[in-house]
Undergrad: 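Below is one structure. I have some questions about it.
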Amino acid sequence: GILATGARHSRDDMAAVITDPERSAKTHTRGEAEAIVLSSDAVLLVYPMMLTSEADGETVTTQEYISSLWARQDGEWRQVFMQVTPVTAE
């Protein structure tokens, strides 16, 4: 996956982040998802996400847009790509 910082992470890296209570967000709030069907074996999901976590003793809330590409491989749906784009205040 590619995170909002531009950092690229492998599947194992992402699993380590989301299972580490010190590194993962405390709450996740997903907005309404839109599924864009690219073919019978590929779907792009896009959705907003609000994350709340603790940083240096303060509560931090960030908003991001997630793009997640899913492909059917060997009869199973697998996420093959994910990108996180930060939402910035204007």
Undergrad: How long is the straight-line distance from OG1 of Thr29 back to CD of Gln63, given to the nearest 0.5 Å?
TA: 10.0 Å
Undergrad: What are the two closest heavy atoms between Glu32 and Pro48, and how far apart are they?
TA: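 In this case the closest contact between Glu32 and Pro48 is O-CD, 3.5 Å.
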Undergrad: Count the heavy atoms belonging to other residues, nucleotides or ligands that lie under 6.0 Å from CD of Gln73, then report whether that count exceeds 12.
TA: yes
Undergrad: Ignoring hydrogens, what is the shortest heavy-atom contact between Thr52 and Thr59? Give both atom names and the distance.
TA: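 That closest heavy-atom pairing would be CG2-CG2, 3.4 Å.
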Undergrad: Where do Trp70 and Trp77 come nearest, in terms of heavy atoms and distance?
TA: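 What the structure gives for the nearest pair is O-CZ3, 3.8 Å.
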Undergrad: Is there a side-chain contact (heavy atoms from CB on, under 4.5 Å) between Tyr65 and Val87? Walk through the geometry before answering.
TA: CA-CA 7 Å; Tyr65 280 105; Val87 175; 3.4 Å; yes
Undergrad: At what distance, to the nearest 0.5 angstrom, does OG of Ser67 lie from CG of Leu45?
TA: 9.5 Å
Undergrad: If hydrophobic clusters are built from ILVMFWY residues whose side chains come within less than 4.5 Å, do Met50 and Val60 share one?
TA: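 No, Met50 does not connect to Val60 through the hydrophobic network.
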